[in-house]
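Start at 1 and go down the list; that is how both ligands and their atoms are numbered. We're numbering straight along the sequence, starting at 1.
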Amino acid sequence: MSILQKIRDVFYPRNLTCLVCKRENFSNSSVCDGCNSILPFNDKSICGNCGRATAYPTEYCDICKNKPTNVDMARSAFEYLQPISTLIMRYKYGGEKYLREYFAQKLMPVFLKYIGYADCIVYVPMTKSRIKQRGYNQSKVLAEEFSKLVEIPVVDALEKTKETYSQVGLTLKERTQNLKGSFKVVDRGAIKGKRALLIDDVLTTGSTANAVAEKLKSAGAEEVICLTVASVNFKKPIESDEKDRKSDSLNEDIL
Ligand SMILES: [Zn+2]
Ligand SMILES: [Zn+2]
């Protein structure tokens, strides 16, 4: 992590400026009232399985119907739309690690409403070279922050053993193939017979969550529940100014 990132992480004047618009903030929250009113909270009808926003409540959305997964249930606090998508980009690529606190707070009501309990928290591991490049593993950092709120331990159950390449333009089958063999169980005992809560920033296609869950279950995990800050709703058109950022994110290894 660069010195600048470290300084910003320590000294960023939280709550004095809004996390989203960065203007002076007079609300009690770290997001000003104006921005808060336009946040894409995922609190309307959702798919009972993947937790993505749907037009009406359903047990299995069109994506889930055709796609068996090892994830028992997924939920997310927001839809992956502006301004949350930009906030996540800043957290992931902009070194704005302090955003983990806000994200962890927003996961809390979703956890309480739909999930309730878990034996341990897991995260999506990253290769050492990727951590070095980015400064931190955003999934792990968020998992640790959330762990403090719910007092459920984070376990280092998995390691990422090989770098996965861009998932852009790959079919679902190819994505799965791309991820195959990239995760390794390193602590079987921490997972066996457990209800594990997988924490990540975005649920995109769900391929990564599925690959992680598959490994955890092969190590004896009883259940794998996924909780993310946001989930992509493929039915909603992506705003044009977001397309570039979106393809950036699709270039990543977190799909
Ligand atoms: Zn604001
Ligand atoms: Zn679904």
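Aromatic pair Phe103/Phe146: ring centres not closer than 6.0 Å.
Of the angles at the Zn ion (ligand 1), the one spanning SG of Cys18 and SG of Cys35 is 110° when given to 10°. Put simply, the angle at the Zn ion (ligand 1) from SG in Cys32 to SG in Cys21 is close to 120°, to the nearest 10°. Rounded to 10°, the angle formed at the Zn ion (ligand 2) by Cys47 SG and Cys61 SG is 110°. At the Zn ion (ligand 2), the vertex angle linking SG of Cys50 with SG of Cys64 is 110° (nearest 10 degrees).
Counting heavy atoms from C-beta outward, Val71 and Ile225 have side chains that stay 4.5 Å or more apart.
Follow the hydrophobic side-chain contacts under 4.5 Å out from Tyr60 and you never reach Leu203; the two are in separate clusters.
Figure legend: Arg100 and Tyr91 shown without cation-pi pairing, the cationic atom not lying both under 6.0 angstrom from the six-membered ring centre and within 45 degrees of its axis.
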